[in-house]
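Every chain is numbered from 1 and lettered A, B, ... according to where its sequence line falls, protein lines coming before strand lines. FYI, side chains are in, hydrogens and waters are out, and symmetry mates aren't considered; it's all heavy atoms of this structure.
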Number of protein chains: 2
Amino acid sequence: MLHEDVVSQLRNILLEGEVPPGARIPERDLCTRLQISRTPLREALKVLAAEGLVLLLPNRGARAAKLTSKDVHDLFEVCQGLEALAGELACERISDKAIDAVAKAHAEMVKHYKDKNLQQYYVCNRMIHEAIVDAAANPALSSLYESVTARIRRARYVTPMTPPRWAIAVQEHEAILNALQRRDGIGLAHILRAHLRHKREEVTRAGFAEEERNGATQSSRPDAQQGVVIP
Amino acid sequence: MLHEDVVSQLRNILLEGEVPPGARIPERDLCTRLQISRTPLREALKVLAAEGLVLLLPNRGARAAKLTSKDVHDLFEVCQGLEALAGELACERISDKAIDAVAKAHAEMVKHYKDKNLQQYYVCNRMIHEAIVDAAANPALSSLYESVTARIRRARYVTPMTPPRWAIAVQEHEAILNALQRRDGIGLAHILRAHLRHKREEVTRAGFAEEERNGATQSSRPDAQQGVVIP
DNA sequence: GAAGGCTAATTTGCATTCAAAATTCAAAAA
DNA sequence: TTTTTGAATTTTGAATGCAAATTAGCCTTC
């Protein structure tokens, strides 16, 4: 019962960015923080290292994974492929009821868009994408998708959006819902690919700027945040 | 140096099928076999559980993952999506030299086909698929692909092929090489999807038959091989 | 003879311990 | 003042130990 907990707690800590990316994670600190001994903690670290959230250097401890712009770019590409696949499969397998649920989430998302509530917009957005993936009725796909998206969540959902970009995203989501309702798998796959490519371009642009800024201050604070950091 | 070794050794043991799928793995046995203590072994098991090769039941030990036909089917679908993505990206990024390498591997594969050497054919086959994935120049994709294919390797590469199916597979590979040389990403993605779908149909058909046979003998040997087992 | 329950042995999960490697800090030399 | 060297401290990697849970065996009972 403890082990699973430790992994998910640690995962949260890392995804929340409480431990700055690239920063070293002393085992003792986490032990006292999570109130466990080193054995289960180390097991959890190994698991998270396999997931790519933690970097394990032999005899030199664990570091929170630091994603370069290239890493984020790569993960977005993978995410794209997975979502496109999911969209195609979902069109074959999704129930009318599930489509309605997506439509409902979509309507709510549009409402949040009109209210300029980015936070709530993102919540609905994520729900929609996850609903489509789950509608593919492929647990292997779902869990892989979850693990990949987790790694770029901060990049994906914390990047500020410009008003024109936001409008386009909403339009794309209209098309996504439309394709899903028509059960047009090929079309949906194409739209999802384009949708995520746009998002990626946006995020990596923001990422590059951030990375350069960090590069400038890197020498003074060697253990400071490195790589792509989203505010 | 020990930890990584343990993971890959255990991975090999599992992929080779030395531990029957579904069978319980007593920690002590593996400890004596690998000449290590329980701590690093348990860490490795956790990692492999995260990869999906091992099933960890709380307080009830580890079991070699037993893949149902549905699991294999799902993983093939994911693999399809990843290969299609890789094919598309590879066409944009692959070097002429790398294309030549694929062409060379392809030629050798055809030779083994003509010699009816399935073993060597599969070796070249795998090399080609991996070369295409690596040509996508996306490490995240490569490592995900590796982990997914590892789980279905036995299903993918040990299934006996019927002569007509084999002929079709070779034809498809001709088309794959052709699309790659023309750098036709969309086309390659389509061919790869179809290629893997055919393979999947073949494997799952074999899998279902096997699963039913196992089902009949299950009661007499509760810890015997279950799920899809490829001879 | 089969079913159920109880005890003993095994096995798992976690904490602690010990050795080896890395990091830190300070003193000495350039 | 800066660099280098070397011991002390810290931190990691792995083994062992201990408590809790599970499994297996055996006896009783129907």
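- For B:S37, a side-chain nitrogen or oxygen approaches OP1 or OP2 of D:dA15 to under 4.0 Å.
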For residues 9-16 of chain A, dump all side-chain donor-acceptor pairs below 3.5 Å to protein atoms at least two apart in sequence or in another chain.
residue: A:R11; atom: NH1; partner: A:E51; partner atom: OE1; Å: 2.5
residue: A:R11; atom: NH1; partner: A:E51; partner atom: OE2; Å: 2.8

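- Summarising the geometry, the separation between CD1 on B:I36 and P on D:dA15 is reported as 7 Å, rounded to the nearest angstrom.
- In this structure, A:H3 places its NE2 atom 16 Å from C1' of C:dA15, rounding to the nearest Å.
- Using a 4.0 Å cut-off between charged nitrogen and carboxylate oxygen, B:K199 and B:E202 count as a salt-bridge pair.
- The side chain to side chain contact (heavy atoms under 4.5 Å, CB included) test applied to A:A50 returns B:V47, not counting sequence neighbours.
- Separating the CG atom of A:L41 from the P atom of C:dT16 is a distance of 14 Å, rounded to the nearest angstrom.
- Evaluation of the side chain to side chain contact (heavy atoms under 4.5 Å, CB included) rule for A:D134 yields A:S142 as partners, not counting sequence neighbours.
- Checked against side chain to side chain contact (heavy atoms under 4.5 Å, CB included), A:C91 has the following partners two or more places apart in sequence or in another chain: A:L180, A:R183, A:L188.
- Taking atom CD on A:E43 and atom C1' on C:dC14, their separation rounds to 8 Å, with Å as the unit.
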statement: Under a 4.0 Å heavy-atom criterion, the protein footprint on nucleotides 6-12 of chain C, written with B, S and -, is -----SB

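- A search for side chain to side chain contact (heavy atoms under 4.5 Å, CB included) contacts involving A:T32 returns nothing, not counting sequence neighbours.
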